[in-house]
Structure formats: structure tokens, C-alpha cells
K.L.:
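Starting off with a structure, shown below.
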Amino acid sequence: MTKREKNLWQGIDSTAQNALTARDYHTASFAQELAQRGVEAGELVAADKSEREIKEAWIPGVEIFARKIHPQRHRGFFGEFVRRDEGILARIGLWPKQWSAARMFAHTEKGFHVHPPTIPEGSAEAAWLRRLFVDDPENYSLRRYDDEQWDVMFFLQGRVEMILCDIRAGLPRRVMRFFVDGDNHRGNNNVGVVIPPGVAHAIRAEGAEDVIMVYGTSTIFHPEFEGRIASEIETAELPLSWQEFLGRGD
């Protein structure tokens, strides 16, 4: 601490003074905020991906698109997910083969987990993925939706932090952290998210509210398509005394 800061805290004991740290409120660049502290999903919807800073921070293949939630007075609200022949999914040629729902209790997390990209026989992994997402990113016909799991996620209730990390061979490691609001919190952060295979993802429930999500997958569920990384947060261990009791051979 500087001399001025020490004078500011002279009323507490020296041990506590030495333990003091200050929160960093400095504004970083967009890329730094996206990778480190996280940004609002609405900022990503409005971002111009042709700008160099945005392009260099964005994980190739990830799509984040706005959703409009309509209030229905005295009854609730209504919001579409996506239309097969319109919008982002129509443009990239993706329509899920399976739709599922999940509930996350407040103060819980999912992930990290990742789905494997498929590589055509005779192709080098890094070269193929660079072709798909760097050299020819708008040639959506090259994508192997039928053979690998792409996720399309929507949130109906609660607020979440999503963390994406690109771990595909041959592509730069990038991290995107952003906050999505469920339909019961109408605003700019009501979005849909497309996650390609090879991009590890995790979700944290924000606040004291359960999260309800609906997600589509490009393939039907295959257990072998789900690889878990640093996912011990999902393992609820029994108390040690319970484990000892259950382990007895009486």
C-alpha cells in the first residue's frame, strides 16, 4: 500500500492491513473483458464481428443471437426459440435432431465438458479445422452436423454465466465469458447460443434462482460424445462417515 493508503487504514491492526487487497475496477479492452471478467450477452449480439478486435477475440463457429420475449399481461410471457428456415440456424444449415431440457438448482454449476469434432479420413486434424473455421468459414456445407454434436442453448428461467474455451487442434486457444438472462428477465441478454464441437463449455447459475434451459443437439444423444474436463464440481461426494459405513462388510 502507498503511504496515503496506509493512513486511510491506520485504524485497523497491522496484520489486517497487510492482508488488504483492492478490487480492480479498471476497464480493460473488449477482448480482455470477454476472456477474463465476462461481458453481457447483449454486447456480443451487438458486436461487429468484422472489427479486428472482436474477430480476434471470438471463438470461430460460436453464434450468439438475440431473442424477443413478449409479456402476456396477467398470464406470463412468450418467446420463440428459433425457426428452422429463418435466422442463424437457417444460415448455417443446422437443425437439431434432439431437443432436451435441464434444470440447474441455484448456486450450482455444469461442466466443463466438450464434444469431439469429427475429422474426415485422410485429413490432418489441424488442417481440417482451420479450413472449416478460418480459411472457408462460410462454407457451411463442409460441416459434419450428422456426425458430431453441436449444441443450441436457450434459457427460460434464471441467469447464468457461460464460459467457452476453444481447445480444437490448430486453432488459437480463446476464452469467452458472458452472462445470459432467462426469459423471465426480459432484456438484451435473452439470447440463443450455438456451440461447436471442440469448444469446452461450462455454465454457472447466477444468484438464488433455479435455471431452466432447453437445448437442441445436431445428433441424438451419444454418451461417447461427451468428454468431461475439470468437472469435479458436479460430483457430490457423500460425507466421509457415510462412505465408511457403506464400505463396511458387516
Side-chain angles (χ1 to χ4, degrees), residues 41 44-45 49 58-70 77-104 110-120 128-129 132-133 136-168 171 176 178 180-184 189-205 210-229 231 234:
L44 297 177
V45 171
K49 289 196 286 184
W58 201 281
I59 295 176
V62 169
E63 305 284 354
I64 300 173
F65 54 95
R67 297 179 56 233
K68 179 69 174 177
I69 309 303
H70 305 275
F77 50 86
F78 166 79
E80 295 185 6
F81 289 143
V82 67
R83 300 184 183 188
R84 185 186 62 183
D85 300 321
E86 299 178 22
I88 293 292
L89 295 197
R91 177 169 60 82
I92 67 176
L94 168 62
W95 189 249
K97 285 187 171 62
Q98 178 173 324
W99 291 93
S100 306
R103 185 183 198 116
M104 292 177 60
K110 285 181 181 289
F112 278 89
H113 62 276
V114 64
H115 311 300
T118 59
I119 311 299
W128 170 253
L129 292 169
L132 275 184
F133 297 105
D136 202 4
E138 295 186 7
N139 188 354
Y140 304 117
S141 64
L142 292 174
R143 295 183 177 182
R144 302 164 63 84
Y145 294 132
D146 291 337
D147 302 312
E148 58 191 17
Q149 182 175 319
W150 288 64
D151 292 336
V152 186
M153 296 186 179
F154 306 95
F155 296 89
L156 280 67
Q157 175 182 292
R159 289 186 166 103
V160 302
E161 176 186 16
M162 293 195 72
I163 309 176
L164 311 181
C165 182
D166 195 347
I167 54 173
R168 290 170 290 189
L171 299 183
M176 295 176 67
F178 52 94
V180 181
D181 291 346
D183 293 5
N184 61 324
N189 294 327
N190 301 134
V191 302
V193 182
V194 176
I195 305 174
V199 175
H201 43 287
I203 303 172
R204 299 201 297 185
D210 287 0
V211 170
I212 298 176
M213 61 184 291
V214 169
Y215 59 99
T217 53
S218 59
T219 62
I220 61 172
F221 176 69
H222 296 291
E224 66 271 21
F225 280 5
E226 191 161 278
R228 298 195 169 271
I229 306 171
S231 60
E234 299 180 8

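For reference, positions follow the sequence shown, starting with 1.
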K.L.:
Side chains of Thr118 and Glu148: do they bring a donor and an acceptor to under 3.5 Å?
P.N.:
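Their side chains do contain a donor-acceptor pair, which is all the 3.5 Å distance test asks for.
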K.L.:
Is a side-chain donor or acceptor of Trp128 paired with a backbone partner of Leu132 at a separation under 3.5 angstrom?
P.N.:
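Pair absent, no side-chain N/O of Trp128 close to backbone of Leu132.
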K.L.:
Would you say the side chain of Ile88 lies within less than 4.5 Å of the side chain of Ile64, judging by non-hydrogen atoms?
P.N.:
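A side-chain contact is absent here, since even the closest heavy-atom pair is not under 4.5 Å.
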K.L.:
Between Glu161 and Ala205, is there a donor-acceptor pair closer than 3.5 Å when you use the side chain of the first and the backbone of the second?
P.N.:
no
K.L.:
Does the structure place the NZ or CZ of Arg228 under 6.0 Å from the centre of the six-membered ring of Phe112, at an angle of no more than 45° from the ring's axis?
P.N.:
no
K.L.:
Is the distance between the ring centroids of His115 and His201 less than 6.0 Å?
P.N.:
yes
K.L.:
Are Tyr145 and Trp150 near enough that their ring centres are under 6.0 Å apart?
P.N.:
yes
K.L.:
Could you check whether Arg91 pairs with Glu63 (Lys NZ or Arg NE/NH1/NH2 to Asp/Glu carboxylate O, under 4.0 Å)?
P.N.:
yes
K.L.:
So do the side chains of Phe154 and Asp183 get within less than 4.5 Å of each other, counting heavy atoms only?
P.N.:
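Counting from C-beta outward, Phe154 and Asp183 never come under 4.5 Å.
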K.L.:
Quick check for you: to the nearest 0.5 Å, what is the distance between Leu156 atom CG and Phe81 atom CZ?
P.N.:
4.5 Å
K.L.:
Find out whether Leu164 and Ile195 are in side-chain contact, i.e. whether some heavy atom of one side chain is under 4.5 Å from a heavy atom of the other.
P.N.:
yes
K.L.:
CD of Glu138: more than 12 outside heavy atoms within 6.0 angstrom?
P.N.:
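No.
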K.L.:
Is Phe155 close to Ile212 at the side-chain level, that is, under 4.5 Å between some pair of heavy atoms?
P.N.:
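No, their side chains stay 4.5 Å or more apart.
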K.L.:
Is there a donor-acceptor contact under 3.5 Å from the side chain of Asn184 to the main chain of Gly158?
P.N.:
yes
K.L.:
Under the 3.5 angstrom rule, does the side chain of Asn189 hit a backbone N or O of Ala41 as a donor-acceptor pair?
P.N.:
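Yes, the answer is positive, given that a donor and an acceptor are paired below the 3.5 Å cut-off.
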K.L.:
Under 3.5 Å, is there a donor-acceptor pair between the side chain of Arg67 and the main chain of Glu80?
P.N.:
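Here the side-chain-to-backbone pair exists.
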K.L.:
Do Asn190 side-chain atoms and Asp181 backbone N/O form a donor-acceptor pair below 3.5 Å?
P.N.:
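Answer holds: yes.
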